[in-house]
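Only one structure is covered here, and it is reproduced in the block below.
All values derive from a computational prediction rather than experimental measurement.
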Amino acid sequence: MKRIAIITSGGDAPGMNAAIRSIVLSCHDENIQCIGFYHGYNGLLNDEFSYLSVDLVAPIIQHGGTILKSARCKEMHHDAGLKQVANTLTKHKIDALIVIGGDGSFRGMMALQTYWSGNLIGIPATIDNDLACTDTTIGFASAIHTATQAIDKIRDTANAFERVFIVEVMGRHSGHIAFHVGLATGAEAILSFENCSMENLEQVKNGLVTQIQSQKQAHQNGFVIVLAENLWPNGPLGLQKDLQDTDNIESAVCVLGYIQRGGSPCPEDRILATELGIEAVKAAKDSTGVMIGKVAGQITRHCIIRATEQNKPVDQALHSAYHQICLNA
């Protein structure tokens, strides 16, 4: 093992820099040269790289984003793109490629196995927390922290005006952020893929109307609805219109959006990224096609196919807490 390459791919997540730092420092300790390719797989297509030194990465653990930049790469869906990436790795005599990213990034890594014989290791970094075989992904805890702080501020205005607020959080097609943030902020309602579907939206809407009416009669404070993105037809504006049309309920909409992906990573993400980076370098010596994770406090290695294709539902305990606390508050 002489050369390891790193890319950060797909949506950025707080803690990616901490993972890069951990890999580079571990490589230095093992006398392995470390090369970073820029803009995800695009950097491998365009041969855009730099050598990563200890001095370069030493001060980046607290920085959000990624010093290697990130991007989507459509060419990875085609054989020609995969072959070009493989040629770049062969040209630079890379022994192992460590991919820091999410589901799409890992699928690209799996496709690359057909054309390149080096070791491929995945580190899960996505705020969506939608990868199996790890309790949490890098960036998830920071996104929860950011969204919680934002909704705490929204709550002040909601209470001051006794208004209904619809707050959309990210998560792609996963409800992990919605449920965690909803519970952390004491939201009156959490609407996510786990408790809503196209078949029961009318029932969910009517239940919301009943809740809001009951709260108004009791002269309580504001009403906060945490809504998972890609759930409601036409998004939060669609839900706002449905409440207006059903019972003339006025509401304000706030889409947190990309604010959840930025900012300095929280301590939990810095520590997780450091642990996974160290293990990734160890795994690169004797494994391929694996994702490094952390389950029940233990660092693990799992087949990358299992990590991407196995469903990762929201913890049932969160459902129970929502029904016992939020709905009865």
Side-chain angles (χ1 to χ4, degrees), residues 127-129 140-198 200-263 266 314 318-329:
I127 68 167
D128 301 331
N129 197 34
F140 177 63
S142 297
I144 296 301
H145 181 72
T146 297
T148 297
Q149 285 189 318
I151 295 177
D152 284 347
K153 292 176 173 62
I154 290 169
R155 170 70 73 177
D156 292 340
T157 297
N159 289 348
F161 285 87
E162 296 182 339
R163 293 192 68 183
V164 176
F165 267 81
I166 303 169
V167 184
E168 185 188 75
V169 296
M170 292 182 107
R172 202 167 63 136
H173 298 290
S174 165
H176 290 276
I177 291 179
F179 265 93
H180 280 79
V181 171
L183 283 171
T185 58
E188 281 71 23
I190 301 171
L191 305 185
S192 185
F193 302 95
E194 291 72 20
N195 61 356
C196 295
S197 65
M198 292 303 295
N200 74 342
L201 286 185
E202 187 70 20
Q203 179 182 348
V204 169
K205 181 192 67 177
N206 292 335
L208 275 176
V209 169
T210 300
Q211 276 185 267
I212 294 168
Q213 288 173 335
S214 176
Q215 180 158 314
K216 282 185 176 180
Q217 291 171 2
H219 299 290
Q220 293 181 356
N221 288 318
F223 194 99
V224 174
I225 303 168
V226 173
L227 174 68
E229 68 173 344
N230 299 315
L231 173 70
W232 205 270
N234 299 316
L237 293 177
L239 177 56
Q240 181 187 46
K241 184 177 186 300
D242 288 343
L243 293 177
Q244 179 74 40
D245 292 346
T246 301
D247 197 56
N248 201 32
I249 294 173
E250 293 186 0
S251 59
V253 168
C254 181
V255 178
L256 296 187
Y258 290 99
I259 188 176
Q260 296 160 91
R261 289 202 340 211
C266 66
V314 172
L318 295 179
H319 289 265
S320 299
Y322 169 57
H323 286 283
Q324 292 177 24
I325 303 298
C326 293
L327 295 182
N328 295 320

Side-chain donor/acceptor of [X] to backbone N/O of [Y], under 3.5 Å:
X: Asn195; Y: Ser192; result: yes
X: Glu162; Y: Asn221; result: no
X: Gln215; Y: Ile212; result: no
X: Glu168; Y: Glu229; result: no
X: Gln211; Y: Glu188; result: yes
X: Asn129; Y: His176; result: no
X: Gln260; Y: Thr146; result: no

With no hydrogens and no angle check, just 3.5 Å: does a side-chain donor-acceptor pair link Asn200 and Ser197?
yes

Gln213 and Asp247: side chain donor to acceptor below 3.5 Å:
yes

Hey, could you give me the OH/CD1 distance between Tyr258 and Ile127, rounded to the nearest 0.5 Å?
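Here the rounded value is 9.5 Å.
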
Please work out which of the three classes, parallel, tilted or perpendicular, describes the rings of His180 and Phe140, given edges at 30° and 60°.
perpendicular

Side chains of Leu239 and Leu208: closer than 4.5 Å at any heavy-atom pair?
yes

